[in-house]
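See below for the structure under consideration.
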Amino acid sequence: MRRKLVVGNWKLHGSTARNEALLLQFQDGRLADGIDVAVCPPFTYLQQAVGLLAESGVSVGAQDVSAFHRGAYTGEISGEMLVDLGCSCVIVGHSERRSLFGDTDPVVARKVVAALETGLTPILCVGETQSQRESGLAEQVVAAQLESVMACVDVNRLDHMVVAYEPIWAIGTGLTATPEQAQVMHVFIRRFIESTGADGQSIRILYGGSVNSANAASLFDECDIDGALVGGASLDFESFRAICAAASGVVRQGDLRRV
Ligand code: PEP
């Protein structure tokens, strides 16, 4: 059984004081009860988060990583630097980086490789725009995004990767894919991964796009939705805790059904 994973993407939000207030609630929040939980603050606050979350069971990740390990690359942050700070995962290819900062498919693929080489778990984001979905191109777009990564990565290392299906029309918009729509795409992604020879059954596929405390449980009920990448709702402790509780509730129900 794949363990559920809930990841908070703080995007360009936070300050030392605000983060401290939020992260202190995480310390005894029992968020990671039977599931994995990570938060991804901006680079400048990673060390603060690692320190404040040390005893919480909650991991810390970054929102991006350089495709390069070292050298004359002004402004870049390498995977080794992230590991050095205590990070265990990194979001790669978020749609905002793809659309605003030039992260093309080949760049994203090189970042995934760099993350894997440094021992970080890459959380590879894929997803289609509204018009691509309306034109019936959603699967084709997602397949192309996956394909460029699969072509560069040793399939035996792919089980360390997490995929986040994030339909762009659902990110930060309040629109959410229905659990059925998300499940269909997650099955497509899993089968696509399996078609490359990788063990698609062990790879966790998260859903992202306006996940909140009201819709999380019905998404997590789908058997191929292994958790969530959460933007806006991860900045509010009670909302994030409720999403984590929904994920851990599904785990417990699943365990009971198996007994
Ligand atoms: C995201 O940032 O990846 C995201 C899904 O944002 P939101 O939950 O706010 O839609």
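What you see is a predicted model, and the numbers here were worked out from it, not measured in a lab. Position 1 is the first residue of the sequence; numbering continues from there. As the structure lists them, so they are numbered: ligands from 1, and atoms in each ligand from 1.
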- Query: Could you give the distance from CD (Q25) to OG (S56), rounded to the nearest 0.5 Å?
  - Reply: 13.0 Å

- Message: I'd like to check which ligand 1 atoms, numbered from 1 as shown, lie under 4.0 Å from a non-hydrogen atom of S210.
- Response: 7 (P), 8 (O), 10 (O)

- Item | atom 9 (O) of ligand 1 - nearest protein heavy atom and its distance | G232 N, 2.9 Å

- Note on the structure: Counting heavy atoms under 4.0 Å, the part of A170 that contacts ligand 1 is backbone

- Go through the steps for Q27 and E55 under the test side chain to side chain contact (heavy atoms under 4.5 Å, CB included), then give the verdict. CA-CA 7 Å; Q27 281 183 348; E55 306 295 325; over 6 Å; no

- Find all atoms of ligand 1 within a distance of less than 4.0 Å from any non-hydrogen atom belonging to G172, and give their numbers and elements. 7 (P), 9 (O), 10 (O)

- Query: Do Q48 side-chain atoms and T16 backbone N/O form a donor-acceptor pair below 3.5 Å?
  - Reply: yes

- Looking only at protein heavy atoms, which one is nearest to atom 5 (C) of ligand 1, and how far off is it? E166 OE2, 3.1 Å

- No-hydrogen, no-angle side-chain donor-acceptor test under 3.5 Å, E128 and Y165: yes

- ligand 1 contact on I171 by region, counting heavy-atom pairs under 4.0 Å: both

- Going by the salt bridge (Lys or Arg N to Asp or Glu O under 4.0 Å) test, name the single residue among D36, D224, D226, D199 that passes it with R204. D36

- List the closest protein heavy-atom neighbour of atom 1 (C) of ligand 1: residue, atom name, distance to the nearest 0.1 Å. H94 NE2, 3.3 Å

- Query: Where do R241 and C244 land on the side chain to side chain contact (heavy atoms under 4.5 Å, CB included) test, with the steps shown first?
  - Reply: CA-CA 5 Å; R241 180 164 67 177; C244 293; 5.7 Å; no

- Under 3.5 Å, N or O to N or O, is T173 touching ligand 1 that way? no

- Message: Regarding R30 and D33, does a basic nitrogen lie under 4.0 Å from an acidic carboxylate oxygen?
- Response: yes

- Near-ring test F240/F26, centroid separation under 6.0 angstrom: yes

- Atoms of ligand 1 less than 4.0 Å from G209 heavy atoms? 5 (C), 10 (O)

- Task: Record the part of K11 in heavy-atom contact with ligand 1 below 4.0 Å; permitted values are side chain, backbone, both and neither.
- Result: side chain

- Note on the structure: In L229, V162, V39, the residue satisfying side chain to side chain contact (heavy atoms under 4.5 Å, CB included) with V7 is L229

- Query: Going only through I, L, V, M, F, W and Y residues with side-chain contacts under 4.5 Å, is there a path from V230 to L22?
  - Reply: yes

- Query: Quick one: does A233 get within less than 4.0 Å of ligand 1, heavy atoms only?
  - Reply: no

- Message: Tell me whether L229 has any N or O atom under 3.5 angstrom from an N or O of ligand 1.
- Response: no

- Message: Considering both backbone and side-chain atoms of G208, is one of its nitrogen or oxygen atoms within less than 3.5 Å of a nitrogen or oxygen in ligand 1?
- Response: no

- Backbone or side-chain N or O of N9 under 3.5 Å from ligand 1 N or O: yes

- Task: For ligand 1, find out whether one of its N or O atoms is nearer than 3.5 Å to an N or O atom of G231.
- Result: yes

